[in-house]
Structure formats: C-alpha cells, structure tokens
**Q** 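Take a look at this one; I'll ask things after.
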Amino acid sequence: MADGTPTTPLMEQYGAVKAQYPGHVILFRVGDFYEGFGEDARLLSRELEVVLTARSPDTRGDRTPMAGVPHHALETYLGRLVRKGYKVAICDQVEEARFAKGLVRREVTRVVTPGTVIEERILGGPEHNFLAAVAGGSAGAAHGFAAVDVTTGELFSGVGEAPGLPALLGSLAPFGPREILLPTDGSGELRSDLVQGLGAEFPAGHLEPAPTPRPPTEWPERLRSAAPGPAVGAETEAIGMLVGYLERTQPRLLPFLERCRTAPGDHRLRLDGKTLRHLEITRPMNPEGRATDTLLSAWDETVTGPGRRTLAFWMKTPLADRAAITARQDAVQGFVALGAGLEELRARLAEIADLSRIATRLAGRRVRPPELDALRRSLTALLAVKGVLVGASDSALRELADRLDDPGPLRDRLTAALPDDLPPTVEAGGLFRPGFATEIDLLRRVKEETLAALELLERREGAETGIKSLKIGYTQVFGYYFEVTRPHLARVPERFRRKQTLAGAERFTTPELEELEGRILSARERSQQAEGDAWEHLLDELDRSVPHLHRLARAVGAIDVLLSFARIAVARGYVRPILDDSLRITFRDGRHPVLDRTLAERFVPNDTDLDGEGTRLLVLTGPNMSGKSTYMRQVGLLVVLGQVGAFLPARYARIGLVGALYTRMGFTDEIARGKSSFMVEMSEVSDILRGADRRSLVLLDEVGRGTSTFDGLALAWAIVKQFHDGIGCRTILATHYHQLAELLRSLPGAANAHLAVREEGDRVVFLHRVVPGSTDRSYGLNVARLAGLPPELLREAESLLARLERTGLKLGEGSARDRTGPVRYTQAILLTEEDGAAGPSRELARALRELRPEEMTPVQALAWLATWKDRLASEPPPETGR
Ligand code: ADP
Ligand code: MG
C-alpha cells in the first residue's frame, strides 16, 4: 500500500473506512483480532507495545505493515489508547462469516474518544469524565462553554463571568475536561488563542475541532426543555457543538442528557484552576506528590461510586447560596442524630452500585448481564435506604427520601425477567427466568427433552452393543459422537459410521444420533436467537428508566457524601459552621482539614478573625517554616468545606459567605509548566485584581518574591493596597519581609499577626501559633543570641540592621566587613547554624552539602533549583571589585 492505492478487497474495504474517519485510529476486526494497518499499525506497535508484522505480499509484492490486539482484550488496549488522547474507530464484522458472500461486511460500530467513553475499564474510576466545548469570545464578548458527562447524563453550561480567557478557564476549571471541542479559524486550524490557554490549563485535555453547532431546534427533547433557563448566545453554540459531536460518537446517549446547574441559581463559590491546585482540593500540587495529601482523599469516607464522584465535584464547586448550604448542613445534622443507625445505613448504601454508569451502558448497549444483576441488587438496597430515611424523625432526611423516586417497580421488573444467577455474556445464554417469555421456555424445553433423549440413546446403545463404557461426547468442530476405546472396537456394529480417530479411541455416529444432533443444534440456535432478541427488547424497554436511574444515582451520591460528613463530624467532634451574609470569617481553634487528620493532636489549632472592616487585611509574618502557608491554606480549606456543607475542625466557626476564593501561592507547579516565577506571579496577581470583588477571599503567599527586594516590596505594597482600598475584599497576606508588614501597618483595615517562635535550650522551636502583632524586628537577632552567636558578631549585625533601616539596602562605601553581614531580613533557619555566619552563598553551600540528588525526582530537583534561584534573586546583586 506504498502509494496508498489498495490492492486487495480487504484493503479496499479498509481504505474506505479510513477515509471516512480521518484523524482516527481504525481498529479493524479480522477474525479474532482487531488490526491496524499501515501508519496505524506503527502507532499501535509503538503505543501498545504489540508486535509489528506485515500482510502477505499483494499482487504488486507490497507488504502492508500490520499490528493487532486480540478481540477479547479490546477494552484494555482501547483504554490505553484513549488515555493517551487518541480517538479510535472500531470497525466490526456486521454479518456472520458463514453467511457472507465474498468479503464479510464491516462497519464502524463505535467511535471512542477521551470525552465520550463509557466502558468501566477505560474510565478507570467513578469520578466525572467531562467533554467540554468552547464558543464565542471574539470582539470583547465573554466565551460560552458547555461540559457534559455522558456517563451521568449531566450537561452544564454558561458564559464566562467576564470577557477574556481567565474567566473562561475559571469557569471550566471544576470540570477538568478530558476532551475539549474548539472552533476553528478560517483556515480550518483550531483557534490559536484558545489552544494556548486551554492547552496550558488542561494538559490532560485532548483538543478537538468542533463540528458545526446544532441549533436548539435540532437538540434532543430533554435538552430543549426550559430548565434551567434558556441558554444564551455563545452558550447555545457550545451546547450545539456537543450535540453535533455526540451525534457522531454516542448517538444513543443523546436523548438522556439533561441540563443541570452546579449550584442553585449557579450561586457557587468560584475557585479557579490555580486555587484548586494550590489548595490541593482533588490533586496534589506537585504532580508526583502523594495523592493522600489532597482534601478529597483525606475526607473521602464515601462508600459508593456516585458518592465519590459527588464529593469530588462538590469540593470543586462549593455553594455560595445560604439556603442551599443550610439544606446540606441540616441533612448532615440529621445523619449525626441517627447515632448508631448511621453505620447501619452506610452498610446498606455500600451495596449500591454506580447506577449512573450502568444506566449509561444500558443506553449505549454496552451493558453486560451481571451489571443488570448488580442494578437489581442496588435497587433492593436503595429501597432499604429509602425506608430508613422515610421513617426518620428528622425532616431533612425525609426530604432526601423524597429524592429517591420509587425504585420498587423497576426492581420488580428486573426480578421478574432475570434469573438469580446471570451469565457473564449474552452469548452464553440463560438470560431469563422461566416464565418470562413463552418462546424461550418452549425452546428450553425442547433442548431439555433432546438432551434427555440423548442420555437415553447412550444407555440403550451401551446395552445393545455390550460396550459398557460407551459415551456420547461433543466438540464444537465434530459435533456429537459415540466414543469407543480401543479394547472395545471389535464390538462396534455395522451401523456405526466412523467420524474421527484418536490415539486410544475411535469416534462414531449413527443416523439416530445425527437426527438428535440436528434437533439440539437447531434448538440451541433458535434459543440463542430468541434470547438475544428478548435481551434487546428488554433493553429497549429499560431505556425508559435511564433518566430515572441517573436521578437516583445523583440522590445516592448526595446522601453518601452528607452521611460521610456526618460520620467525620461525629468521629472527630467537628462543628456546624454558622453561615451569614456578613463579611466576617471567624474560627476558634481552627485546624487544617487535611493536616488535622494526618498530624492529629500534633497539629496546633489557630484562631481567625476577619471582618471586612477593621481587619479585612491580615498581614502574617514569621520566618520560613513557621506555618504561614499552612495557616492560609487552612483558612481557605475551611471556607471551601464550610460552603460545601460539611462540619468543620474548629471549636466555633462562622463564615460570611465567600463568592470567590483566589490564591497566589508557591510557584513550584507553575515552574514545571515552564513559566518564569516573576511573570507567573504578576500575571496571577493581575488576574486576581481583575476578578476579585468585595465578597472574595484572597490569599497571597509571599507576593513580590520573584524579583529583587525593592521592586518586589514596592509591587507587593501597591498590590496589597489595591486589594485593601480598591476592592475591599478579605485578604490574608503572608510574608517574611517584615518591612512589608511595617508598610502595611498604616492601612486602616489591616491587622498584623505573626507566628510565634520559642527558643528551647539552644534550639529554635516553631510553635505554629498565630499571635497578634507583627514579628519583633530584632527578633531574629534575639533568637540568634539565644542560639549562642558570639556577642561581637551580634553587635555588628545590630549596627548593620540599624543602618539598613535608615538607608534601605544602599550600603554604598561601607567596609568589606559590612558587606558580608546579613543584608536581608534574616530567617530563623539561618540562625540555627552553629557558626552563625549567614549569607546566601553559605546557606546554599550547606543546602548543597545536604542535598541527596539520588532521592529526588526530576520535578523536585527542578523546584529546588528554582527556589534557590528565586532566593538568590531577592538578594542584592554581588558587589564587584572585591
Ligand atoms: P511557612 O509558610 O511559614 O514557611 P509552612 O506553612 O510551610 O511554613 O509550614 C512548615 C511546616 O510546619 C509544615 O510542613 C507543617 O508540617 C508544620 N506546621 C505548620 N503549621 C502547623 C501547625 N499549626 N501545627 C503543626 N504543624 C504545623
Ligand atoms: Mg510558606
């Protein structure tokens, strides 16, 4: 196929399919294998590590490269291809080889893409799998977006909060799409402005050209319905793109999609991608970090697939609507009140399978018989759960029960149709309970009768021939036979016709056996046909229940999450936060929701008091490693969890609803994304400045570090002042520049706090306790004195510090000795050095000595390097002429 001209009928058929599905890997069914040819063969061999072979030479002597995977392992290989971002078209044989005249007819039966898969083994876990689409955004208009999880039937859509890419990225962040449909430009290329931004924000998302958007009149009925309000402009276009794309990839699922909201009235706490990463909501910030350190993993006590999925999604889309949060809190409280009944209910809940996914595979006709069995058992468990909730004295629990529309009739229907034990596949037969379908019962009886006749025949011939060991056997190739072992061959009568000779035996048949065989085989074939038809029929009928099952699954997810919150609250004595419309945030003895679980009693609780007025800006100082970042994350995570509806690790908690949470934090992850730290910092801060309003909470960790001290300080000052004066949002700023804290002291809405440090013997101990006021300016030197540094050195340091405070960093013509002194705010970490002489190069030397490159991952090494470069950059440049 060197010049692309197919030269055999099979290759001709293949070429036609390939032309129909450009950009897809074609898996072409040939016998027991799915084969790829030509370029696809090379790709399969490379990506799946399967052997690359070649077809036998064609008429021109060309050998087409070929690589394939066995049909029974298709899903495994498919999963690997799709996870790598490939789109795959499965081309099946659509008629049976023995009925085919000439070449078997083949058709693409399925197109699999990262955002449209429904197979369990390819999806990997219960969490959402979103396909997104983006539209509009030109001429200063906001972008429209839509995101659909076909495995749960949920479709979300909207327009960006503001024009521009940051707002779009923020809107899409909670969905973490696996595949994104983009409009193309005039030349058919994906629009480059979108490719750049989306590619960087969603590195795991496959970007795909969008089809022409379908107008609403061509949407399926359920999508067209009024709820949740009409789609507007670019939003309509984005939904239309999804519809067009699914028509090609998952047409069967289209009728079951439903438009949903992430929160009532879409009043949710906005968390952009950076904040989700910085707070490690569902993923560790360092891609190689431990997944156990995320909020999701630390808090996941759900027992069902829908529960896990709901928890992850809720954590990324907390609410900002008091009534909605209160409703969740009421339910948590109701579950707490169940006492011992809680665990019993949880055990019942654990018996419920992922109803959404089963329903979707049913609709997509990829459901296996055992999954319907799981569905039936789940519905029984669900009836028990509903029973408990209906009988609860708490009205919030009874309301949850109302969301479980009666699962009884569907369960009964399944029970009536399906036997207690279901076969692994449809082909295996035995799919239905006796009495379900008369034809199947009839054929089953015919089969049983003929099998009985077979046994009779075996016994009769055994007696007639005198061969006691005469046995009737069956193989797929040879059919039914009498088997006679060698010693008895002499007794075989004339009427036995030889069929096959084995080493120790011969196989025979008789007209009577052949007649029986014919009856058995035809009964088997007819019953297979009848069962297959009845199965299709049953699935057609069950299609009606798909939306019902999707709704049930959502209710199960919510119940599971709320119950898990209650369980955590009981086990750890968490409190129900008070939510109001003030701008207050108050925590008494607040604890970090993740570290509280991992460090337990070693974690030091802290208070928080922000009020949007006199303390709308909290300036936190303290040396490195004293707990500044931890404290800020703690406040952020408590707000997130509080607005998800959970009870919180604190003695008392009150949250004036936050509308958006912004963070600017450690930049190690962004360095891995290939941007310089100062650029990142400034672009992040300017995004925050643009997006934040009075209801926002802004967490700024070490702003102004990415450049030399003075610009950094000046910028940080100007930025913070803008948050304070212009926006007026609640802000926490952590810094180890105490000069910055000094500068900010004058702002009317600013309060200072620092992290306390205590000296113990000759060691400095971080207490991790936040106390009012900024750090004592000479505190570092005090600690150094306590640490036993020579008095002369300290005197020198003190005089230098005094000069620094007068002159800033311009030391000018000072002596060489002056220059070796600490010219920056010295961090406690330096002062634990026994020899006391500090300075970046010395520190660096020590750090280098202690470095164990062999224990670091490349990303850690990169982050280490970047941190040091950043630290050195904040030093005055080395003076020359030394
Ligand atoms: P900073 O940002 O001031 O450099 P971090 O917040 O990164 O400091 O904290 C450094 C370490 O101190 C953390 O890894 C954590 O183990 C510990 N730590 C911080 N806060 C607390 C606390 N409240 N209780 C116990 N340990 C804490
Ligand atoms: Mg820090």
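Note that ligands are numbered from 1 as they come in the structure, with each ligand's atoms numbered from 1 the same way. Position 1 is the first residue of the sequence, and the numbers go up from there.
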**Q** So is there a nitrogen or oxygen of V604 less than 3.5 Å from a nitrogen or oxygen in ligand 1?
**A** yes
**Q** So, does Q643 use its side chain to make a donor-acceptor pair with the main chain of L319 at under 3.5 Å?
**A** yes
**Q** Just jot down the ligand 1 atoms closer than 4.0 angstrom to any heavy atom of S629, in number order.
**A** 1 (P), 2 (O), 6 (O)
**Q** So which pairs with a foot in residues 591-641 pass ring pair (Phe, Tyr, Trp, His ring centres under 6.0 Å), sequence neighbours left out?
**A** none
**Q** Any idea which protein heavy atom is nearest atom 12 (O) of ligand 1, and the distance to it?
**A** H768 CE1, 3.2 Å
**Q** Does the E161 side chain pair with the main chain of G691, one donor and one acceptor, at a distance under 3.5 Å?
**A** no
**Q** Looking at G627, which atoms of ligand 1 are within less than 4.0 Å of one of its heavy atoms?
**A** 1 (P), 3 (O), 5 (P), 6 (O), 8 (O), 9 (O), 19 (C), 20 (N)
**Q** List the closest protein heavy-atom neighbour of atom 4 (O) of ligand 1: residue, atom name, distance to the nearest 0.1 Å.
**A** M625 N, 2.6 Å
**Q** Is the shortest distance from a heavy atom of S626 to ligand 1 less than 4.0 Å?
**A** yes
**Q** Which protein non-hydrogen atom lies closest to atom 16 (O) of ligand 1, naming both residue and atom, and how far is it?
**A** L599 CD1, 4.5 Å
**Q** For atom 9 (O) of ligand 1, decide whether some protein heavy-atom distance is shorter than 4.0 Å.
**A** yes
**Q** Taking only heavy atoms of R602, which atoms of ligand 1 are found under 4.0 Å from at least one of them?
**A** 25 (C)
**Q** Kindly indicate whether the side chain of T275, heavy atoms from C-beta on, has any atom under 4.5 Å from the side chain of D272.
**A** yes
**Q** Side chains of S297 and D300 only: does a donor on one sit below 3.5 Å from an acceptor on the other?
**A** no
**Q** Does either side chain, that of S564 or that of T302, offer a donor lying less than 3.5 Å from an acceptor on the other one?
**A** no
**Q** Quick one: does K316's side chain have a donor or acceptor within less than 3.5 Å of a partner on L276's backbone?
**A** no
**Q** Side chain, backbone, both or neither: which part of A734 has a heavy atom under 4.0 Å from ligand 1?
**A** neither
**Q** With atom 13 (C) of ligand 1 as the reference point, say which of L755, T630, T621 has the nearest heavy atom.
**A** T630
**Q** Salt bridge check, E601 against R572: does any charged N sit closer than 4.0 Å to a carboxylate O?
**A** no
**Q** Of all the atoms in T630, is at least one N, O or S atom closer to the Mg ion (ligand 2) than 2.8 Å?
**A** no
**Q** If I compare all heavy atoms of W314 with all of V644, which pair ends up nearest, and what's the gap?
**A** O-CG2, 3.4 Å
**Q** Quick one: which ligand 1 atoms are inside 4.0 Å of a heavy atom on P623?
**A** 3 (O)
